[in-house]
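Please read the structure below before turning to the comments.
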Amino acid sequence: MLLGPVLVLLLLGGAGPASAHAALASTDPGDGTVLRRAPAHATLTFSESVGLRDDSFRVLDPGGHRVHTGEAGRADGRADTARVALPGELGEGTYTVAWRVVSADSHPVSGAFTFSVGRTSQTAAPVDTGPTEDPLTAGLHKTARYLSYLAVALLVGTAAFVALCRPPDPAPLRRTLVAAWWTLLAATVALLALRAPYEAGTGPSAALDPAALGDTLTTRPGVLLLVRLGLLVPVALYLVHAARTARADRRGGRRTALTGAVGVVLAVGLALTWAAAEHASAGTQVPVAMTSSVLHLLATAVWLGGLAALLTTLRSARPAPDAATVARFSRTALTAVTVLVVTGVYQSWRGLGSWQALTGTAYGRLLLAKVILVAVLLAAAAVSRRWTAALVTEPAAVREPGRVPERVPQPAGGPPPEAPRPEAPRATHPSRAGTGTGTGTGTGSALRRGLYRSVLVEAVVAAVVLGVTTVLTATPPGRSAEEAARAAVPAGGVLPASVTTIPFEIGASGSGTVQITLDPGRTGDNAVQAVVFGPDGSLAAVPELRLSFTLPDKQVGPIEADLLDRGGYWSANTVTLPLPGTWTMKVTVRVSEIDQVSENRRIRVER
């Protein structure tokens, strides 16, 4: 039952993009820009808060040599920024800034951008952002994450099944609880040890470095894993106490209620260590999202872990579970599914951000796969409910004449001596079930076998759902993926509707390029900056530069940009592009009184 989901997990985990959840919103200096003087800092702004590493920044000069920089810090104390101080003696040429940070939901993200001082270099330093991830480390990390989800579902779900459904013989479930506790302990230790190499993108041998482990324990993901380990101690004590209480005679509702309250507190504490380290901890509506995430995880555990507990009970319990136990779980599962639907819809809306992201992002496609699997799971659950209903009504339908109810009121002191206790119907041997002898017992056995098969199907599908969920939590949300796509630099190094480089040539009079920056490159008001470069890549002065925009599809334009010579570059404070679409940008460069050239480029303007 575990092999299939693990294979699905590994296959899906390798099919998507790197686990980068924080989208880079902007850089200062802007990517590809040419500055007249060296900047004092390099600043990154992200879509959510990020954690910094010792090697968060590496700045390379035009020759590819590393530039000495200050320590990584924040801009204006904002948690969604990363800043590094640059030396003041940067010479002319193109510089590369490679960066690596950790998203608020504990996943690393990296990238690079360039800027030039004075002029662009003929050749820039290779963009090296460092390893995105080590395949072996990533595989071990994903497996440990899956096992931790599976273990907490079994642990919480089985404990809830024992407390809420009251099976006649909980002894077989104690082995499940012990196995789940040890699995969660081992998976948490593995995640803690693998945290440093996972963030750095190195091999798993780096997990043996005590210094790296010490650094991990100072980060938020490391602290949360440490809290999870600490919670496992009271969880173990609680399970021991609950087992002793179940074996002993109950002494009243107060003690049972107190035990249940302690169990709920521990379960919520465990769920918080996941919610505070994943998607819910970053983005919009964090308090609501955290609450929803905790409820979603607990409802998942109660339902899926309860399925495994019911399967174990149906298979191993002696005597067989009574109809009341099955009926109690059916009601509990219905409540859990209701919570799952409500919280799942909210989390899907929060993670996607738009309908387009449902099919246009890896997160959306995984979410669709999960929805389909959950639909299959609900169909199997509907079959199980029908078996449950038949099992609940079966005793009344086949009760033989003379059989008395299980509980009969008796006078104080017990029944009178002269009233003999009615003889219960003789049980039919299992091999004779369904042959017409002992109809009640045979029918009950058949119903339980049918329920067992349908619950087994539910459990298998549930394990696959849990695997897809694990991959989903390690995939950039649709909202973040769209933000990252808008901010991403294409392979050619040009940002459409943001930075465009246009070469020009006027025979023997001159040649060069014009770099046009359109900020923000969206509909509405935009600021324009244009820089002209000569054949050698240095700044060039021209007597006139004109720029216009036309949207042929809508017959809009030309819209002229009133460029002013600022002494080395040209700019216009505002040019208004009213509609989204593919615009034609026309630039006219005059290099002398009689020589000029016009070039067109198509740019995409988003809403």
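Please read these numbers as outputs of a predicted model, since none were measured by experiment.
Shown here are the salt bridge (charged side-chain N to carboxylate O under 4.0 Å, His left out) partners of Arg78, two or more places apart in sequence or in another chain: Asp80. A search for side-chain hydrogen bond (donor to acceptor under 3.5 Å, both in side chains) contacts involving Thr273 returns Arg228, not counting sequence neighbours. With sequence neighbours excluded, the residues forming a side-chain hydrogen bond (donor to acceptor under 3.5 Å, both in side chains) with Ser292 are Gln347, listed by chain and number. Take Thr137 and apply the side-chain hydrogen bond (donor to acceptor under 3.5 Å, both in side chains) test, not counting sequence neighbours, and it matches Asp134.
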Next item on the list: Would you check, one step at a time, whether the test side chain to side chain contact (heavy atoms under 4.5 Å, CB included) holds for Leu311 with Leu307?
Entry: CA-CA 6 Å; Leu311 194 64; Leu307 278 177; over 6 Å; no
For this session: Take Phe329 and Leu164 through the side chain to side chain contact (heavy atoms under 4.5 Å, CB included) test and state the conclusion after the steps.
Result: CA-CA 8 Å; Phe329 175 71; Leu164 300 175; over 6 Å; no
Leu217/Leu192 under side chain to side chain contact (heavy atoms under 4.5 Å, CB included): CA gap, chis, key distance, verdict = CA-CA 8 Å; Leu217 296 179; Leu192 193 60; 3.9 Å; yes
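A donor-acceptor contact shorter than 3.5 Å links the side chain of Thr143 to the backbone of Gly139.
Side-chain contact check for Arg100 versus Glu199: every heavy-atom pair is 4.5 Å or farther apart.
The one candidate from Leu44, Val102, Val101 that meets the side-chain contact (heavy atoms from CB on, under 4.5 Å) condition with Val50 is Val101. When each of Thr313, Leu310, Thr325 is tested with Cys165 by the rule side-chain contact (heavy atoms from CB on, under 4.5 Å), just one qualifies, namely Thr325.
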Which donor-acceptor pairs under 3.5 Å do side chains of residues 332-344 form with protein atoms, sequence neighbours excluded?
unit_1 : atom_1 : unit_2 : atom_2 : d
Thr332 : OG1    : Arg328 : O      : 2.9
Thr335 : OG1    : Arg331 : O      : 3.2
Thr338 : OG1    : Leu334 : O      : 2.9
Thr343 : OG1    : His296 : ND1    : 2.8
Thr343 : OG1    : Val339 : O      : 2.8
Thr343 : OG1    : Leu340 : O      : 3.3

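Across every non-hydrogen atom of Ala275 and Met290, the tightest pair is O-SD, 3.4 Å.
Ring geometry for Tyr198 against His141 counts as parallel: the plane angle stays under 30°, on a 0 to 90° scale with 60° as the upper cut.
Applying the side-chain hydrogen bond (donor to acceptor under 3.5 Å, both in side chains) test to every pair with at least one member in residues 178-189, sequence neighbours left out, gives no pairs at all.
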